[in-house]
Amino acid sequence: MKKTFLIVLTAGVTLCGGYRSEARDVVPDAPVQVGGVGPVVAGSVSPAQLPSKARRLIDKLGVRVTECEREYASGEYEVKLDSGIGMEFSKDGDIMEIDAPGYGLLGSDFIREMVPERLYSNLRELKLDGAVNSIESKRDGFKVEFSGSLYEEGFFSPKGDLIALSYD
């Protein structure tokens, strides 16, 4: 039985041994074009196209919009002001984030418009109201980044209670 098996195996190797794969068997002769630049994910819009809630806030602050972009998938808006401050709004016009350029600081008028009074009071008590670089609002609360302070960032509840401060 062993002799038969060896003969079959040898015959199989002999029969298959003559096939060679070459690069031209798997590489196409010409490049294949995959058309288009991809789906459009965002585009410039006029500030007049912002949701009314966002337009009212911008008017109240008395600032000028220099750039306005809408993300099509989420419906969110990114706005840049003439001062360089960036703002992000939800599709409903709720402010989600505000950033001062570089290591710049946000004025108290911007901070007060974005955070609950309790959070602003906590910032004042900690003497951090003059060191706010950015604020991000999420369902679970606020993340505040500082510039020129011992603290790097602070985390606050949705009502404005201090949760934690981190420093470098």
Side-chain angles (χ1 to χ4, degrees), residues 27-28 31-168:
V27 178
V32 177
Q33 291 289 339
V34 180
V37 293
V40 176
V41 293
S44 293
V45 295
S46 164
Q49 293 176 293
L50 288 169
S52 60
K53 192 173 184 179
R55 285 194 320 268
R56 280 194 305 273
L57 174 62
I58 289 169
D59 291 343
K60 182 179 179 181
L61 291 170
V63 293
R64 190 171 70 82
V65 174
T66 58
E67 294 176 31
C68 187
E69 190 172 277
R70 181 172 184 246
E71 293 182 27
Y72 296 119
S74 65
E76 296 172 355
Y77 295 86
E78 291 186 21
V79 172
K80 190 162 198 166
L81 307 177
D82 57 355
S83 62
I85 290 175
M87 302 172 88
E88 290 184 24
F89 294 96
S90 70
K91 64 182 177 185
D92 299 323
D94 295 316
I95 189 164
M96 300 171 11
E97 189 170 350
I98 185 167
D99 295 303
Y103 295 104
L105 302 173
L106 295 174
S108 61
D109 50 345
F110 284 98
I111 299 169
R112 283 187 184 141
E113 289 300 324
M114 184 158 179
V115 300
E117 182 59 38
R118 187 181 297 176
L119 194 156
Y120 186 72
S121 295
N122 281 327
L123 289 173
R124 289 188 61 193
E125 286 176 24
L126 295 165
K127 302 202 184 318
L128 292 171
D129 56 321
V132 176
N133 175 263
S134 74
I135 304 170
E136 186 176 356
S137 174
K138 295 188 175 192
R139 280 184 292 174
D140 58 349
F142 295 87
K143 175 183 173 185
V144 180
E145 293 183 3
F146 304 107
S147 182
S149 167
L150 169 68
Y151 300 105
E152 188 175 315
E153 55 193 12
F155 300 92
F156 297 84
S157 74
K159 292 182 179 180
D161 296 316
L162 177 65
I163 296 171
L165 288 171
S166 69
Y167 57 92
D168 196 19

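Just so you know, these numbers use all the heavy atoms, side chains as well, and skip hydrogens, waters and symmetry mates. The first residue in the sequence is number 1, and the count goes up from there.
- In this structure, the side chains of Ser134 and Ile98 stay at 4.5 Å or more apart for every pair of heavy atoms.
- Minimum interatomic distance between Ser90 and Pro51 (heavy atoms only, all atoms of both residues): O-CG, 4.1 Å.
- Of all heavy-atom pairs between Leu165 and Gly154, the closest is CD2-CA, 3.7 Å.
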Practice task
Output, in order, the C-alpha distance, side-chain angles, deciding distance and verdict of side-chain contact (heavy atoms from CB on, under 4.5 Å) for Phe146 and Leu123.
Solution key: CA-CA 11 Å; Phe146 304 107; Leu123 289 173; 3.8 Å; yes
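- Within the 4.5 Å cutoff, no side-chain heavy atoms of Gln49 are placed close to those of Arg70.
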Handout entry: Stepwise side-chain contact (heavy atoms from CB on, under 4.5 Å) check, Asn122 with Glu125
Key = CA-CA 5 Å; Asn122 281 327; Glu125 286 176 24; 4.3 Å; yes
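- Judged by distance alone, with hydrogens and angles left aside, the side-chain atoms of Ser147 form no donor-acceptor pair with the main-chain N or O of Leu105 at under 3.5 Å.
- Inter-residue side-chain proximity for Met87 and Leu61 is flagged as met; some heavy-atom pair is nearer than 4.5 Å.
- By the 4.0 Å N-to-carboxylate-O rule, Lys143 lies close enough to Glu145 to be salt-bridged with it.
- Side-chain atoms of Arg55 come within 3.5 Å of backbone atoms of Ala48 as a donor-acceptor pair (strictly under, hydrogens ignored).
- For the atom pair CG (Leu119) and CD (Glu117), the distance works out to 9.5 Å, reported to the nearest 0.5 Å.
- For the side chain to side chain contact (heavy atoms under 4.5 Å, CB included) test with Phe110, the passing option among Leu57, Ile135, Val63 is Val63; the others fail.
- Counting heavy atoms from C-beta on, the side chains of Leu162 and Leu126 come closer than 4.5 Å.
- Side-chain N or O atoms of Arg118 include none that pairs as donor or acceptor with a backbone N or O of Asp161 at under 3.5 Å.
- The two residues Tyr120 and Ser108 make their nearest non-hydrogen contact at OH-CB, 3.3 Å.
- Rounding to the nearest 0.5 Å gives a distance of 11.0 Å between CD1 of Ile111 and CZ of Arg124.
- Phe89 places none of its side-chain heavy atoms less than 4.5 Å from the side chain of Asp94.
- Among all heavy-atom pairs drawn from Ser83 and Pro101, the shortest one is O-CG, 3.9 Å.
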Exercise for the section: With side-chain contact (heavy atoms from CB on, under 4.5 Å) as the test, would you mind laying out the steps for Glu76 and Met96 before giving the verdict? Expected result: CA-CA 9 Å; Glu76 296 172 355; Met96 300 171 11; 3.5 Å; yes
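- Here Glu97 contributes atom CD and Glu88 contributes atom CD; the two are 4.5 Å apart, rounded to the nearest 0.5 Å.
- Counting non-hydrogen atoms of neighbouring residues, nucleotides and ligands closer than 6.0 angstrom, the OH atom of Tyr151 reaches no more than 12 such neighbours.
- The shortest distance between side-chain heavy atoms of Leu81 and Val79 falls below 4.5 Å.
- Of all the heavy atoms in Leu128 and Ser149, the pair that sits closest is CD2-OG, 3.3 Å.
- In this structure, CD on Glu136 lies 10.0 Å from CD on Glu153, to the nearest 0.5 angstrom.
- Here the closest heavy-atom approach between residue Asp82 and residue Thr66 is recorded as CA-CG2, 3.5 Å.
- Put simply, the side chain of Val45 reaches to within 4.5 Å of the side chain of Cys68, judged on heavy atoms.
- Interatomic distance, Ser74 OG to Lys91 NZ, rounded to the nearest 0.5 Å: 8.5 Å.
- Remark: the backbone N or O of Gly102 is paired with a side-chain donor or acceptor of Asn133 at under 3.5 angstrom.
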